[in-house]
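Notes follow the structure.
All values below were derived from every heavy atom in this structure, side-chain atoms included, with hydrogens, water molecules and symmetry-related copies excluded.
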Amino acid sequence: MIYFEDLAVGQTARFGNYHVTREEVIAFAERYDPQPFHLSDEAAAATHFGRLAASGWHSCAMTMAMIVENLRTSRQAGLGSPGVDELRWLKPVYPGDTLSCETEIIETRRSRSRPEMGSYRSRMIVRNQHGEPVLSFVSIALIATRPAGAAGA
């Protein structure tokens with residue numbers, strides 16, 4: 001298990017492999033962001049997108065799916081998140097794209113009031129299959145401290 005004590009500023013990770021499908025882009029947009037350029041090839045062609053594009057919020061949801069899978073496989077003692085800072089949609093995400101994540105820890109902080117947890121901030125960059133950044137944000141995550149008697153990572 002990875003605990004707060006195992007994290008260090010400058011630590012990096014790469015993970016994820018999310019293939020974006022046309023069906024998923026349209027289904028998400030129909031339910032959560034029904035703007036024409038997320039629903040119709042014809043409407044999208046008349047915009048700066050040039051073709052059907054995923055909602056930025058859908059891009060965030062796909063990123064979250066990759067993050068949760070990484071936390072599960074890395075066995076991190078995560079406790080959720082109080083939010084994100086500096087969210088930017090840098091480039092459209094299109095059906096057929098494959099997304100992946102890069103993250104770097106930029107700050108760690110042990111809780112003064114809750115000794116069983118700490119937090120860390122990490123800069124997340126999501127890239128498409130061409131290595132182009134499509135999304136970025138600073139994540140704030142809560143993580144358990146190592147319980148007494150637990151072995152190190």
Side-chain angles (χ1 to χ4, degrees), residues 1-21 24-39 44 47-50 52-147 152-153:
M1 187 69 72
I2 296 172
Y3 295 100
F4 173 79
E5 293 81 1
D6 302 314
L7 304 178
V9 171
Q11 194 172 354
T12 62
R14 291 182 179 187
F15 58 89
N17 183 26
Y18 196 104
H19 184 71
V20 182
T21 69
E24 186 178 9
V25 166
I26 292 171
F28 186 96
E30 286 175 340
R31 182 149 187 188
Y32 301 109
D33 191 356
Q35 297 182 76
F37 42 83
H38 299 319
L39 296 168
T47 70
H48 66 282
F49 293 113
L52 188 71
S55 164
W57 296 112
H58 185 196
S59 298
C60 290
M62 292 182 278
T63 300
M64 190 69 212
M66 290 186 284
I67 291 169
V68 170
E69 177 63 17
N70 182 63
L71 291 174
R72 186 184 65 74
T73 59
S74 69
R75 300 190 54 217
Q76 190 176 106
L79 299 171
S81 170
V84 300
D85 292 330
E86 304 173 29
L87 173 62
R88 300 290 182 270
W89 293 295
L90 304 170
K91 189 173 180 73
V93 171
Y94 297 110
D97 282 350
T98 300
L99 306 178
S100 61
C101 299
E102 296 177 10
T103 187
E104 178 181 2
I105 296 175
I106 57 176
E107 178 185 21
T108 61
R109 184 177 308 168
R110 184 179 293 271
S111 175
R112 286 183 275 197
S113 61
R114 307 227 12 219
E116 74 278 8
M117 71 169 57
S119 67
Y120 66 97
R121 292 168 47 88
S122 59
R123 185 171 323 284
M124 174 71 70
I125 299 174
V126 180
R127 297 182 184 275
N128 64 19
Q129 69 278 7
H130 304 295
E132 302 165 325
V134 298
L135 171 68
S136 69
F137 58 91
V138 173
S139 172
I140 308 159
L142 304 175
I143 186 169
T145 54
R146 187 177 319 286

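Between the side chain of Thr12 and the backbone N or O of Glu104, no donor-acceptor pair lies under 3.5 Å. In this structure a side-chain-to-backbone donor-acceptor pair under 3.5 Å is missing from Ser111 to Gly118. With hydrogens and angles disregarded, no donor-acceptor distance shorter than 3.5 Å links the side chain of Ser81 to the backbone of Ser139.
Counting only heavy atoms from C-beta outward, the side chains of Glu5 and Arg110 approach each other to under 4.5 Å. Taking the side chain as every heavy atom from C-beta outward, Val93 and Met62 approach each other to under 4.5 Å. For the pair Leu90 and Val126, the minimum side-chain heavy-atom distance is 4.5 Å or more. Taking 4.5 Å as the limit, every side-chain heavy atom of Met124 sits out of range of all side-chain heavy atoms of Val84.
Between the side chains of Gln11 and Tyr120, no donor N or O sits under 3.5 Å from an acceptor N or O.
Sorted by first then second residue, the side-chain hydrogen bond (donor to acceptor under 3.5 Å, both in side chains) pairs that include residues 91-101, not counting sequence neighbours, are His19-Thr98, Asp97-Gln129.
Atom CD1 of Ile2 is separated from atom CD of Gln76 by 6.0 Å, given to the nearest 0.5 angstrom. Residue Asn70 holds its CG atom at 9.0 Å from OG1 of Thr103, rounded to the nearest 0.5 Å.
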Hey, can you pull the donor-acceptor pairs under 3.5 Å for the side chains in residues 130-137, sequence neighbours left out?
| from | atom 1 | to | atom 2 | distance (Å) |
| --- | --- | --- | --- | --- |
| Glu132 | OE1 | Asn128 | ND2 | 2.7 |

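For Ser119, there are no side-chain hydrogen bond (donor to acceptor under 3.5 Å, both in side chains) partners two or more places apart in sequence or in a different chain.
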